[in-house]
Structure formats: C-alpha cells, structure tokens
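Let me begin by presenting the structure, written as structure tokens, before commenting on it.
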Protein chains: 2
Amino acid sequence: MTVNDIARAAGVSRATVSLVLRESPLVHADTRARVQAELARQRYVYNRGAANLRRRTSSSVALVINDLSNPFFAEFAAGVDQTLAAKGYVTLLGSAGESPERQQAVLASLMEHTPAGLILSPAEGSDGESLRQVLGHSNVLLFNRAVAGTDWDFLALDNRHGAYLATCHVIGLGHRRIAFFGGHADSSSCQQRREGFAQAMAEAGLEVPEASLIESAPNRLEAAARTAELFAGDAAPTAAVCYNDNVALGLMLGLASRGIRAGRDFSITGFDDISEAAATTPALTTIAVNPRERGRQAAELLLQRIDHPEAEPRHTVATVELRIRESCGAPKRT
Amino acid sequence: MTVNDIARAAGVSRATVSLVLRESPLVHADTRARVQAELARQRYVYNRGAANLRRRTSSSVALVINDLSNPFFAEFAAGVDQTLAAKGYVTLLGSAGESPERQQAVLASLMEHTPAGLILSPAEGSDGESLRQVLGHSNVLLFNRAVAGTDWDFLALDNRHGAYLATCHVIGLGHRRIAFFGGHADSSSCQQRREGFAQAMAEAGLEVPEASLIESAPNRLEAAARTAELFAGDAAPTAAVCYNDNVALGLMLGLASRGIRAGRDFSITGFDDISEAAATTPALTTIAVNPRERGRQAAELLLQRIDHPEAEPRHTVATVELRIRESCGAPKRT
DNA sequence: CTGAAAGCGCTTACAG
DNA sequence: CTGAAAGCGCTTACAG
C-alpha cells in the first residue's frame with residue numbers, strides 16, 4: 001500500500017516508483033509499464049499528504065462561508081468547488097454561522113491543514129486585525145464583504161449599481177415616493193445599496209426623506225415585523241427597494257397581512273434572485289448575482305493569487321443584472 | 001515556524017515541544033509555560049498533516065454530495081460540517097453533479113487525502129462494485145440512496161412512511177382518485193414512496209390504475225410538461241401525491257397554465273419541505289425531513305463507525321413528518 | 001522530567 | 001535510465 005511495497009514487487013527502487021507516479025519521462029517504458037501494472041494490481045492509493053509535506057506544496061483550498069444553509073452561499077460553494085476540483089484541489093469546508101468568534105476558531109483549525117489559499121465570505125462584524133493574525137501570509141480572497149484593515153484580494157458584488165438599477169426601474173414605472181427597506185445601515189453592503197438608491201433618486205430629482213430609510217435584520221421575520229414603519233408618516237411610499245430578497249419576501253408577508261397587494265397596491269424589488277424569488281406570488285423583481293458563477297470566479301481569482309503571491313491585491317466587482325417580475329408594477333392612480 | 005524553531009528558542013528539544021502541544025502532563029509546568037510563550041510569540045501553527053502522517057491518523061472526513069446547489073443537500077452539508085467541526089474534524093467537500101463517472105473521479109481524488117471516513121449521498125445510477133473499488137475498506141456512510149452490492153452504514157429517509165402519511169392525508173380529505181406523480185420508477189426512493197402510496201390506497205380500499213402512476217425527472221420543468229398525462233384518461237384524478245417538492249411545484253405551474261387551481265380544484269402534496277414549499281401560493285403540503293438534523297445524524301453515525309470499524313453495518317431510518325399547508329384541500333363536490 | 005533517534009510516506013538532488 | 005540517501009514536520013518509544 002506504499003511506494004515501498006510497489007517498488008519491491010516490481011523489482012525497482014522507491015525513487016523509480018515515485019517517478020512513474022509523477023509521470024516523469026526519465027523512466028524506461030518497460031519499467032514504467034511494470035510499475036503501473038503493479039500499481040493497479042495492488043490498488044495503490046497515493047498519499048497526497050505525504051507528498052505535499054515533502055514537496056512543501058498544498059493541494060487544498062479552504063472555503064469559509066458564513067452560512068452554508070443560505071442557498072445563495074450554497075450555490076456559491078458549488079461553483080467554487082467545481083472550479084477547484086477541475087484544477088486538482090480539494091475543498092476544505094468551513095461554516096462560521098455568522099459568528100466572528102466561531103469564524104476565528106474555524107479559520108485556525110483550517111490553517112493547520114496548510115491550505116494553498118482561502119476563500120472567505122466574512123461574517124458580519126469580522127475584525128481585520130484578528131483575521132490577519134490567524135491567516136498570516138496566506139493567499140486570501142474575500143467575497144461579498146470587505147473587511148477594514150486588510151488588503152487581500154476582494155470579489156465584490158456591484159451593490160451600488162444593483163440598487164441603482166432596481167431604483168431606476170421603480171422610478172421608470174412612475175413611482176415618486178420610494179423607500180429603501182431593510183439591512184443594517186452599518187454594514188458595507190447596505191451602505192453601498194443605499195448609495196445606489198440615493199443616486200437614482202437624485203438623478204430623478206426625487207427626495208429621500210429620513211423616514212424612508214428603514215433598517216431591519218436581513219431576514220424575513222424581522223422584515224415582516226417592520227412593515228408598519230413604512231406607513232407611519234403621512235406621505236407613505238408607494239414602493240420599496242429592499243436590501244435583499246429575504247427582506248422583500250418578509251415585506252410581502254407584512255403587506256399581505258395589512259391587505260396591501262404587492263405588485264398592485266405597492267411595488268417591491270429584492271436583491272440576490274434566490275430561488276424563491278421566482279416562486280412567490282407575485283414573483284419578485286430582483287437583482288440577479290448568479291452565485292454559482294461568482295463561485296467559479298472567486299476560485300479563478302484565488303488560483304491566480306496562488307500562482308502570483310507577490311502580485312498587487314486586486315479588487316474585482318462582479319456584474320449584476322435586473323430581473324423584472326410581477327412584484328413591481330406602476331403606482332395606482334389616485 | 002516549526003517545532004524545531006520553537007525548541008531552539010525555548011532551549012528545549014523538539015520532543016518537549018511536541019509534548020506541550022499535545023498537552024502531555026509529563027512536562028514540568030515551568031518548561032510548559034516557557035514553550036507556550038514561545039509558541040504564542042512566534043505564532044506557531046501546527047502542521048496537522050505532518051502529525052497525521054507520523055501518527056497514522058486522520059483529522060478529515062470527506063462529504064460527497066450529488067448536488068450541492070440543491071438546498072436540501074446544502075442544509076444537509078451544513079449539519080454534517082457543524083457536527084464534524086465540533087469533534088475536531090475538517091470536512092473535505094466533493095460534488096458529483098449527479099454523474100456516477102464524476103463521482104468516481106471525485107472519490108478517487110478525496111481518497112488520496114486519507115479521510116478518516118466518508119459520507120456519500122450517491123448519484124443516481126451509482127455502481128456498487130465501482131464504489132467498493134475506489135473506497136476500499138474506508139469507513140463509509142451512505143445517505144438517502146442505497147447502493148446494491150454494498151454493506152456500508154446507511155442513513156435512509158423513511159420514504160415509504162412519508163408517502164404513506166401524505167396519501168392518508170389526501171384520502172382523509174375525501175379524495176378517491178389519486179395519482180402518484182413524478183420520480184423515476186427504477187430509483188429506490190421512488191419505489192419506496194410508491195409503496196407507501198400503494199399501501200395507503202389499499203388500506204382505504206382504493207384502486208391504483210396503471211395510468212395513475214406517472215413518471216417524471218425530479219425537476220420542475222419536466223414535471224410541468226407531464227401535467228397533461230394526469231388528465232389523459234376519462235376518470236381523471238382529483239389529487240396527486242408527488243415524488244418531491246420540485247415535482248409538485250412543477251405540477252402547480254402545469255395546472256395553473258390549464259386554469260386549474262391547486263388546493264381548490266386539485267390537491268397536491270410534495271416531499272422534502274424545501275424553503276419554497278412555504279412560499280408558494282398556495283403553500284405546499286409536504287413531508288418534512290429536516291435535512292440539517294439529518295446531516296448532524298449522519299456525522300454522528302459516521303463518527304461511531306470510525307470508533308468501531310469492525311461493528312456490524314447499520315441501517316438507520318430517519319423519521320419524517322407531515323406538514324399540512326393550503327395546496328391540499330378537499331375535493332370539489334360535483 | 002528531558003533529549004537523541006527512528007520513522008510516517010513521499011520526493012529529489014546526486015551518483016553511477 | 002536507476003538507486004541510495006537525505007529530509008518535509010511531526011511523534012513516540014527508549015534511555016538517562
């Protein structure tokens with residue numbers, strides 16, 4: 001089961017077996033055939049860990065996702081794994097459950113397996129200094145969320161442009177009083193989406209009163225609970241650009257329970273294009289980010305980084321696109 | 001950066017550093033403190049691969065999923081990873097994309113990383129002999145699909161009972177002509193679900209005409225396309241127990257395009273309780289299998305196997321439960 | 001309680 | 001073209 005056994009059975013040295021394994025042209029065709037026959041006969045399985053130790057290489061890449069049960073990140077992970085596998089890397093999976101503390105522990109554990117690089121979708125509230133300490137000089141690609149005080153490669157979604165597109169669409173339908181609904185105002189992705197929103201509103205000469213910016217944790221339940229805030233003032237909005245699809249779906253529930261029909265009485269857009277977006281009634285107009293393709297892209301970027309550890313850090317912005325569905329209609333004439 | 005560096009700096013031998021790392025009580029408290037200080041100062045990171053090589057142990061478990069972008073399996077993977085991480089194992093991820101050939105390649109690659117065990121959700125059409133060849137004497141747990149000619153541990157969903165529960169519910173509402181819709185008749189999970197369906201029908205004294213068993217690939221598109229087959233005969237069914245949620249969702253689309261209202265004109269049940277099931281209109285009555293909990297369970301079972309490699313193979317059946325929603329109503333009086 | 005030595009399974013100069 | 005030797009970073013009997 002080791003090169004030794006094969007060498008002995010084939011009547012050659014370990015070195016020769018190793019050369020055959022690594023497909024070196026140095027070994028005679030006859031010898032190679034004999035060794036390969038023996039390899040097959042004994043069902044030899046290569047110990048890549050031992051080889052990596054000796055060669056001081058690595059054939060693994062760590063992938064740390066804040067929440068794997070989120071379909072968006074699951075698709076992303078599938079894309080990452082697909083590209084890595086095609087290049088001969090194995091994916092070391094880590095899940096941080098949106099907790100910076102757990103994330104530190106997971107990263108520390110993964111680092112002990114000497115990954116060639118690491119793709120990290122950071123938990124909200126990640127601390128740059130802590131991350132740098134645990135990751136040292138590893139090849140790192142950040143996805144989705146920037147972390148202050150770090151200068152690793154970064155693959156960002158075009159949050160600003162996505163929200164801009166959604167907002168322009170809503171304005172184009174004739175809405176004038178539009179809210180930005182959901183997200184934590186101190187998260188970078190929320191800030192960027194609000195910027196895109198503000199830009200579109202400004203370009204259309206529309207005001208953004210303070211009350212039309214409503215925060216909510218990015219989940220359905222809290223979004224539904226905050227629906228009332230939309231209608232607290234006297235000039236209630238007729239549409240909302242939502243932080244993401246989950247928030248939009250929660251808002252739909254909140255509207256329904258007040259007898260307001262999404263897509264008819266009130267227009268909604270989301271962000272992400274999760275699979276439910278197409279399945280709800282009305283289907284959700286949203287910004288598609290193609291998480292699987294983003295996963296492939298992230299893996300490609302990291303592989304480039306692994307090949308060129310000294311290159312300048314790169315900031316890549318992934319394109320997003322508007323997906324128009326029924327949740328977003330023209331305002332009612334009153 | 002290695003035990004050598006720490007030993008030199010702390011004025012002890014490598015052996016002593018190793019003992020400190022492994023928390024041996026043999027080393028004097030003062031020495032230990034000195035070594036630990038040095039460990040922290042140099043930000044030493046343990047090379048678990050080297051340790052595993054020397055100790056002939058493994059700290060990884062491979063997880064091979066036929067399709068990670070399926071939310072059901074993504075949840076499952078999250079559960080597996082959570083439990084494995086808590087026990088100090090790292091998850092090696094593999095995705096087979098429902099292709100037995102790719103699955104073989106992925107498994108062969110993962111085996112080179114000497115996992116302590118392997119959790120496999122086999123692709124449809126997996127061959128037992130091929131799997132045995134590539135997996136050798138590894139500790140293996142199969143999930144969801146049995147593979148003929150293997151005797152590894154197996155965690156099954158209670159397909160039969162789930163379909164039985166769904167069918168009894170539909171019968172209880174007053175339906176008499178009920179179809180079983182979707183799935184490949186030669187897959188074991190479809191066979192088992194059909195058995196549960198047949199049992200419930202038999203217990204209620206209802207017939208199952210050949211035409212009421214309709215096959216379809218387990219995806220939305222093909223299910224929608226096969227809707228017509230339900231209504232081909234003269235005594236069309238008033239309800240369908242579907243192979244899974246995706247099929248049920250596809251059927252809903254097919255019905256809608258014919259002007260038939262799910263939950264009012266026609267009753268539907270699914271299987272899996274994917275997140276869309278609660279979001280569609282009407283919401284889908286289905287069988288919940290709690291994939292995250294199943295993932296934890298799978299990891300526990302594999303860890304037991306790793307601790308007792310010689311124990312008898314175990315076949316575990318996970319409970320499922322009926323989740324009643326609006327897609328399943330009483331038949332219309334005619 | 002601490003250190004010198006051997007070895008896990010592999011690879012890679014270096015001789016021949 | 002092939003083999004003997006050294007070494008990757010760790011651990012573990014075995015002496016002392």
Side-chain angles (χ1 to χ4, degrees), chain A residues 1-39 42-60 88 90 109-116 136 138, chain B residues 1-39 42-60 88 90 109-116 136 138:
Chain A
M1 42 148 73
T2 80
V3 280
N4 248 323
D5 305 317
I6 305 296
R8 197 174 313 122
V12 298
S13 74
R14 314 215 295 285
T16 304
V17 176
S18 179
L19 292 174
V20 171
L21 284 171
R22 316 208 61 239
E23 300 187 324
S24 161
L26 293 180
V27 39
H28 193 283
D30 294 355
T31 316
R32 182 186 330 170
R34 218 164 64 238
V35 171
Q36 274 169 340
E38 199 54 36
L39 252 13
Q42 300 206 29
R43 296 206 201 298
Y44 170 80
V45 4
Y46 188 63
N47 186 328
R48 204 165 282 280
N52 281 330
L53 177 59
R54 178 59 235 262
R55 303 183 62 198
R56 325 203 75 220
T57 55
S58 167
S59 52
S60 62
V90 69
S109 163
L110 289 172
M111 288 304 289
E112 297 186 347
H113 291 84
T114 61
S138 304
Chain B
M1 42 151 68
T2 79
V3 280
N4 248 321
D5 304 318
I6 305 298
R8 197 175 311 123
V12 297
S13 74
R14 315 215 294 286
T16 304
V17 176
S18 179
L19 291 174
V20 171
L21 284 172
R22 318 207 59 238
E23 300 186 324
S24 161
L26 294 178
V27 39
H28 193 281
D30 296 355
T31 316
R32 183 186 330 171
R34 218 165 65 239
V35 171
Q36 274 169 341
E38 199 54 36
L39 253 14
Q42 300 206 28
R43 295 205 202 296
Y44 170 79
V45 6
Y46 188 62
N47 185 328
R48 204 165 283 279
N52 281 330
L53 178 59
R54 178 59 236 261
R55 303 182 64 201
R56 325 203 74 220
T57 56
S58 168
S59 53
S60 62
V90 69
S109 162
L110 290 172
M111 288 304 289
E112 297 185 347
H113 292 84
T114 61
S138 304

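Order of the sequence lines sets the chain letters (A, B, ...), proteins ahead of strands, with each chain counted from 1. Keep in mind the model is a prediction, meaning the values are calculated, not measured.
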Residues 17-37 of chain A side chain polar contacts: donor-acceptor under 3.5 Å, at least two apart:
from, atom 1, to, atom 2, distance (Å)
A:S24, OG, A:L26, N, 3.0
A:H28, ND1, A:D30, N, 3.0
A:R32, NH2, A:V27, O, 3.2
A:R34, NE, A:A10, O, 3.2
A:R34, NH2, A:A10, O, 3.2

Contacts of B:Q42 that satisfy side chain to side chain contact (heavy atoms under 4.5 Å, CB included) - sequence neighbours left out: B:D5, B:I6, B:A9, B:E38
Tell me the closest heavy-atom pair linking B:P115 and B:S58, and the distance in Å. C-OG, 3.5 Å
If the condition is side-chain hydrogen bond (donor to acceptor under 3.5 Å, both in side chains), which residues does B:T16 pass it with, not counting sequence neighbours? B:S13
Mind checking what makes side chain to side chain contact (heavy atoms under 4.5 Å, CB included) contact with B:A50, not counting sequence neighbours? A:L53, B:N47
Distance check, rounded to the nearest 0.5 Å: B:M1 atom CE versus B:Y44 atom OH? 11.0 Å
Across all chains, not counting sequence neighbours, the side chain to side chain contact (heavy atoms under 4.5 Å, CB included) partners of A:N4 are A:T2, A:R8, A:R14
Heavy atoms within less than 4.0 Å of DNA chain C: which residues of residues 29-37 of chain A have one? Give them sorted by number. none
Where along nucleotides 10-16 of chain C does protein come under 4.0 Å, by heavy atom, of base (B) or sugar-phosphate alone (S), with - for untouched nucleotides? BBB----
Please name all residues satisfying side-chain hydrogen bond (donor to acceptor under 3.5 Å, both in side chains) with B:S59, sequence neighbours left out, ordered by chain then number. A:H113, B:N52
Dot-bracket for DNA chain C: what is it, with Watson-Crick or G-U pairs under 3.5 Å, [ ] where a pair crosses earlier ones, and | for a pair to another strand? |||.||||||||.|||
Strictly by salt bridge (Lys or Arg N to Asp or Glu O under 4.0 Å), give each pair with a member in residues 45-54 of chain A just once, sequence neighbours left out. A:R48-B:E112
Can you check the A:I6 CD1 to D:dG3 P distance for me, whole Å? 15 Å
